[in-house]
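In what follows, chains carry the letters A, B, and so on, assigned in the order in which the sequence lines appear, proteins first and then strands, with residues in each chain numbered from 1.
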Number of protein chains: 2
Amino acid sequence: MSDTTSVERAFAILETFEREKRALSLKELSEFCRIPASTCHSLVHTLVRRAYLYQTGRRKELYPTRRLYDMGATILAHDEVLLRLLPAMEELRDATRETVILGKRRKEDIVYLEVLESPEVIRYSARPGDTKPLHSTCIGKCMLAAMPANDLGAWLSEHPPYPVTGGTITDSAALLSNLEEGRREGVFTTRGENVADVTALAVPISVNNELYGLAVAGPSHRIDDRFEQVRCCLKDAQQSLLERDLAGHV
Amino acid sequence: MSDTTSVERAFAILETFEREKRALSLKELSEFCRIPASTCHSLVHTLVRRAYLYQTGRRKELYPTRRLYDMGATILAHDEVLLRLLPAMEELRDATRETVILGKRRKEDIVYLEVLESPEVIRYSARPGDTKPLHSTCIGKCMLAAMPANDLGAWLSEHPPYPVTGGTITDSAALLSNLEEGRREGVFTTRGENVADVTALAVPISVNNELYGLAVAGPSHRIDDRFEQVRCCLKDAQQSLLERDLAGHV
DNA sequence: AGTTTTGATTCATATTTGAGAATTATGTTG
DNA sequence: CAACATAATTCTCAAATATGAATCAAAACT
């Protein structure tokens with residue numbers, strides 16, 4: 001399986017600037033990213049040539065240019081999936097005052113594509129691009145539940161549900177019946193299975209015939225108190241996003 | 001000189017999304033970027049693993065995630081140079097109603113780091129990350145004029161000024177005296193030397209003891225009519241940015 | 001200012017990656 | 001629904017890159 005190290009490293013460099021939030025020398029970069037100085041030099045050289053980095057200051061310190069931002073902004077403004085889902089997600093966030101998440105399955109995990117954080121100071125906090133396990137998150141359960149029974153069985157035996165918190169369901173049979181319950185209710189939940197004291201609910205959403213998961217997550221005490229209300233808001237959002245031209249996946 | 005192809009290609013892929021503004025299949029990407037399909041596959045694989053791309057739609061179409069945007073936004077918000085210069089640049093744009101540009105020298109060219117476009121519909125239009133020649137642009141002239149006489153002479157003989165437009169100064173002696181004039185006046189100008197019917201003025205700016213060029217550019221007829229006024233606005237901006245702790249470069 | 005230390009850059013070579021051919025999967029058409 | 005067409009993916013070896021050592025440049029210190 002091909003593994004383009006240099007690309008990974010180029011992004012590691014950019015991510016280092018994102019984390020450090022300041023100009024960095026080649027030396028610092030090579031240390032932060034665990035890249036040999038000579039290799040780091042050639043990567044930086046390429047990034048400067050493409051105008052993603054520029055040299056600021058005497059000591060040849062480096063910092064990214066606006067280019068990355070402008071590219072990201074143009075791309076974001078034309079994301080059809082997000083454009084379609086955002087209004088309903090914002091409404092859902094405002095109705096529940098909890099964090100709303102859009103996620104999608106990759107091979108063996110979930111990626112967050114959009115996160116609208118709750119206005120509360122104590123809230124479920126995450127970032128687009130974060131990845132989570134399939135078996136311990138509510139969006140993950142959406143995805144597992146959408147698999148044909150045979151495939152799901154096979155997947156479970158190859159990927160036995162490992163503990164993430166003390167509350168994670170680590171028994172395959174228990175997970176299967178949890179999924180079945182979710183299918184019946186039309187909503188998948190986690191209670192402290194991925195993060196202690198976090199309860200989250202998710203429903204499947206179909207866009208362009210592709211499956212996504214829409215979730216509401218927050219501190220267990222706030223969610224559990226008004227579980228039915230939150231569940232209804234989520235189902236309403238799901239309903240408003242239903243595509244007429246295709247059947248749901250579940 | 002090392003040339004990390006795979007990194008260049010990874011960014012070529014992202015830039016393709018920026019240009020096309022839609023989801024693309026692997027095949028399309030490999031055609032747009034002139035990358036063999038198998039190679040493109042491994043690059044995309046890496047970008048998906050890092051959550052910079054996600055698969056949208058049945059036919060395995062791809063689109064970038066928000067990750068790029070969020071990273072760019074965080075980085076942009078902490079750019080010390082821009083933070084320092086932006087207020088004066090905005091003021092200058094509002095005072096002149098023309099496009100204001102911040103540029104910096106790389107080895108053999110100028111990179112635009114920031115562009116605040118004029119509110120007029122006919123305006124000088126450019127993007128951060130664009131690169132321009134040294135000898136035909138006003139910011140380039142700032143940079144050349146800051147070189148020690150010997151180095152400048154040597155540079156000119158190795159890089160004879162080639163024509164960009166019909167108006168480009170292609171005679172080294174003429175360019176030298178044009179630079180000298182700029183040094184005397186404290187402002188460097190181009191009139192149709194890089195783009196026909198565009199007049200631009202630039203002054204050198206020093207940040208962290210590093211040289212930048214600040215320019216105002218617009219249609220020649222609009223600028224020439226009020227050259228002195230524009231010049232004064234630019235000099236005012238330069239003055240307001242003067243650092244007390246170090247001498248100018250010129 | 002001379003000396004030392006630190007960081008940037010270059011270079012030759014072992015290692016890894018990239019490209020074409022073959023294979024598999026998916027969607028399309030008769 | 002079968003056969004075709006198109007795209008995605010895997011695999012292997014030639015070719016390009018990554019690396020450590022050496023060199024060069026610039027700060028920091030005495």
Engineer: Give a yes/no answer on whether the side chain of A:Lys60 brings an N or O atom under 4.0 Å of OP1 or OP2 in D:dA25.
Structural biologist: no
Engineer: For B:Thr5 and for A:Lys27, locate the closest nucleotide of DNA chain C by heavy-atom distance; then report the residue assigned to the nucleotide nearer the 5' terminus.
Structural biologist: A:Lys27
Engineer: With the side chain of A:Thr4 defined as its heavy atoms from C-beta on, choose the nearest nucleotide among D:dT9, C:dA8, C:dG18.
Structural biologist: C:dG18
Engineer: Counting heavy atoms not belonging to A:Arg106, are there more than 12 under 6.0 Å from its CZ?
Structural biologist: yes
Engineer: Rounded to the Å, how far apart are A:His45 NE2 and C:dT9 C1'?
Structural biologist: 11 Å
Engineer: If only side-chain N and O atoms of A:Arg9 are considered, is one of them under 4.0 Å from the OP1 or OP2 phosphate oxygen of D:dT19?
Structural biologist: yes
Engineer: If you take atom types as modelled and just measure distance, does the side chain of A:Ser25 reach the base of C:dG7 with a donor-acceptor pair under 3.5 Å?
Structural biologist: no
Engineer: So that I can tick it off, tell me whether B:Arg22 and B:Glu61 are bridged by a salt bridge, with the cut-off set at under 4.0 angstrom between side-chain N and carboxylate O.
Structural biologist: no
Engineer: Less than 4.0 angstrom from a charged side-chain N to a carboxylate O is my criterion; do B:Lys141 and B:Glu181 meet it?
Structural biologist: no
Engineer: In whole angstroms, how far is the C1' atom of D:dA18 from the NE2 atom of A:His41?
Structural biologist: 14 Å
Engineer: Find the distance A:Ile35:CD1 to C:dA8:C1' and express it as a whole number of Å.
Structural biologist: 16 Å
Engineer: To the nearest Å, how far apart are A:Glu31 CD and C:dT6 C1'?
Structural biologist: 11 Å
Engineer: Can you measure A:Glu61 atom CD to D:dA27 atom P for me and round it to whole angstrom units?
Structural biologist: 11 Å
Engineer: A:Leu26 or A:Ser6: which one's nearest nucleotide on DNA chain C is closer to the 5' end?
Structural biologist: A:Leu26
Engineer: So, OP1 or OP2 of C:dA8: does either fall under 4.0 Å of a side-chain N or O from A:Ser38?
Structural biologist: no
Engineer: May I ask you to decide whether A:Arg183 forms a salt bridge with A:Glu180, counting only side-chain N to carboxylate O separations under 4.0 Å?
Structural biologist: yes
